[in-house]
Amino acid sequence: MKRWEKINAVQKMQDYVESHLHEPITLKNLADAAGYSPWHAAKIFKELLGKTPFEYIRSLRLSQAALVLRDQHEKVVDVAFDFVFDSHEGFTRAFSREFGIPPKRYAKEKKPMKLFMPTRIRDYYLMIQKGELKMDNEKKASTVFVQVVERPERKLILLRGKKATHYFEYCEEVGCDVWGILSSISEALYEPAGFWLPDHLILEGTSRYVQGVEVPSDYEGEVPDGFEVMTLPPCRMMIFQGEPYEDEKFGEAIEDLWKVMNDYKPELYGFTYADEDGPRFQLEPQGYRGYIEGRPVRSISK
């Protein structure tokens with residue numbers, strides 16, 4: 001079985017899980033979605049994702065349930081039944097084993113914790129960083145939407161790597177579970193992101209590329225173990241957003257945006273890049289909205 005056949009089959013199973021997360025899911029359901037026998041479907045699922053289908057489904061349901069408990073005033077028993085747990089007690093036991101805290105207590109304290117946040121795009125991104133997907137160098141860049149936004153003074157909760165300069169190196173150094181922890185921080189101003197730190201924010205022996213999330217400047221909540229907090233001054237960010245794309249073509253979408261950013265002349269619009277004013281960032285690639293990066297800028301004095 002060729003590698004891309006496996007990837008496509010597992011993706012179909014992931015898609016099925018996502019669209020039926022609030023319904024009972026059997027191995028036969030997944031096998032039918034993938035087009036293989038139940039035994040073979042379970043085998044390639046575990047091979048590519050590192051979890052059995054039912055471990056994956058349970059972790060995903062518990063993490064999505066945690067977000068509901070964090071952000072909505074729902075009763076624990078209602079959340080349990082909504083995510084296909086047979087009882088309040090069974091849900092509480094599973095939640096406590098997964099996260100080390102009972103769901104009722106989590107709903108009250110909203111502590112940062114490691115959520116299970118799987119994405120197929122990261123698997124493909126891993127491959128593109130290894131050079132396994134080739135890009136068409138002759139392809140013209142797609143249309144890119146550019147805007148300048150104001151960022152207030154804020155704090156950045158981040159986890160540093162050692163030498164990482166991009167996502168793949170960071171995952172090798174730190175692991176790929178950081179995103180789930182960042183996604184659990186309820187006070188976040190924006191979604192989690194990958195950041196390229198300017199020189200003055202890099203500590204000796206640590207990486208330029210980090211992952212983190214921005215929170216209000218008066219944030220006094222819990223900081224996850226191993227993470228740190230730094231204050232970022234107000235700045236302007238030039239946001240580059242590519243066209244929506246099919247998820248499996250995310251590599252081309254990133255390449256297209258990078259070509260535009262490399263050729264873009266902000267001086268034509270009254271700005272200059274100001275990389276020392278704050279970290280450049282990338283948002284998680286999601287096809288429906290296009291690939292997005294931001295870079296600090298300043299107005300050109302006249």
Side-chain angles (χ1 to χ4, degrees), residues 121 125 128-129 131 133-158 160-161 163-170 188-204 206-217 230-245 249-302:
I121 293 174
Y125 198 11
I128 189 176
Q129 294 292 357
L133 296 179
K134 295 182 180 179
M135 300 299 151
D136 180 3
N137 292 329
E138 301 300 322
K139 181 181 176 183
K140 293 183 179 179
S142 301
T143 301
V144 171
F145 177 67
V146 182
Q147 63 175 325
V148 175
V149 300
E150 300 284 344
R151 281 285 207 260
E153 181 178 277
R154 61 223 182 271
K155 291 180 179 178
L156 174 63
I157 299 175
L158 72 152
R160 299 180 188 268
K163 298 180 180 179
T165 60
H166 55 68
Y167 170 82
F168 173 65
E169 292 177 345
Y170 183 84
L189 293 172
Y190 319 104
E191 65 187 270
F195 295 87
W196 288 275
L197 299 177
D199 290 342
H200 70 279
L201 294 181
I202 301 174
L203 301 180
E204 184 177 356
T206 65
S207 61
R208 179 173 298 278
Y209 186 89
V210 302
Q211 287 185 354
V213 68
E214 294 174 330
V215 295
S217 59
M230 64 172 63
T231 298
L232 299 177
C235 72
R236 288 180 172 176
M237 298 293 299
M238 184 168 282
I239 309 298
F240 296 82
Q241 182 173 8
E243 293 178 331
Y245 57 88
K249 296 182 178 179
F250 81 97
E252 289 93 331
I254 294 173
E255 287 284 304
D256 284 347
L257 190 76
W258 284 346
K259 289 175 184 177
V260 171
M261 291 181 71
N262 287 337
D263 295 338
Y264 194 80
K265 305 296 183 186
E267 294 80 8
L268 297 176
Y269 305 96
F271 296 95
T272 185
Y273 289 127
D275 294 327
E276 67 276 17
D277 285 0
R280 174 180 148 218
F281 69 82
Q282 63 174 173
L283 299 186
E284 180 182 20
Q286 296 183 14
Y288 76 92
R289 66 182 182 185
Y291 178 62
I292 302 172
E293 282 198 20
R295 187 173 177 182
V297 294
R298 293 178 191 165
S299 296
I300 297 175
S301 300
K302 296 184 178 180

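The first residue in the sequence is number 1, and the count goes up from there.
Taken from CD in Gln282 to OH in Tyr209, the straight-line distance is 3.5 Å, to the nearest 0.5 Å. Taken to the nearest 0.5 Å, the CD atom of Glu252 stands 14.0 Å off from the OH atom of Tyr291. Here the straight-line distance linking atom CD of Glu284 with atom CD of Glu191 works out to 7.5 Å at 0.5 Å rounding.
Two residues are said to be in side-chain contact when any heavy atoms from C-beta on lie closer than 4.5 Å; Ser207 and Lys163 fail this criterion. Pro296 places a side-chain heavy atom less than 4.5 Å from the side chain of Met237. In this structure, Phe195 and Leu158 have side chains that are not in contact, with every pair of non-hydrogen atoms separated by 4.5 Å or more. Side chains of Leu232 and Leu201 form a contact here, defined as non-hydrogen atoms less than 4.5 Å apart. With contacts defined as side-chain heavy-atom distances shorter than 4.5 Å, the pair Met238/Tyr264 qualifies.
Defined by atom type and a distance below 3.5 Å, a donor-acceptor pair is missing between the side-chain atoms of Tyr245 and Glu243. No side-chain N or O of Gln211 forms a donor-acceptor pair with one of Tyr167 less than 3.5 Å apart.
Glu267 pairs by the side-chain hydrogen bond (donor to acceptor under 3.5 Å, both in side chains) definition with nothing, not counting sequence neighbours. Partners of Leu203 under the side-chain contact (heavy atoms from CB on, under 4.5 Å) rule, at least two apart in sequence or in another chain, are Arg160, Thr206, Glu228.
If you run side chain to side chain contact (heavy atoms under 4.5 Å, CB included) between Ile239 and each of Leu283, Val148, Ile292, only Ile292 comes through.
For the pair Arg208 (side chain) and Leu197 (backbone), a donor-acceptor distance under 3.5 Å is present. With hydrogens and angles ignored, the 3.5 Å screen pairs a side-chain donor or acceptor of Gln241 with a backbone N or O of Arg289.
Scanning all heavy atoms of the two residues, the minimum distance from Glu214 to Arg151 falls at OE1-NE, 3.5 Å.
Relative to the six-membered ring of Tyr190, Arg154 misses at least one condition, a distance below 6.0 Å or an angle of at most 45° to the axis.
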Quiz: residues 269-277 side-chain donor-acceptor pairs under 3.5 angstrom, not counting sequence neighbours:
from, atom 1, to, atom 2, distance (Å)
Asp275, OD1, Arg295, NE, 2.9
Asp275, OD2, Arg295, NH2, 2.8
Glu276, OE2, Arg298, NH2, 3.1
Asp277, OD1, Arg298, NE, 3.3
Asp277, OD1, Arg298, NH2, 2.6
Asp277, OD2, Arg298, NE, 2.7

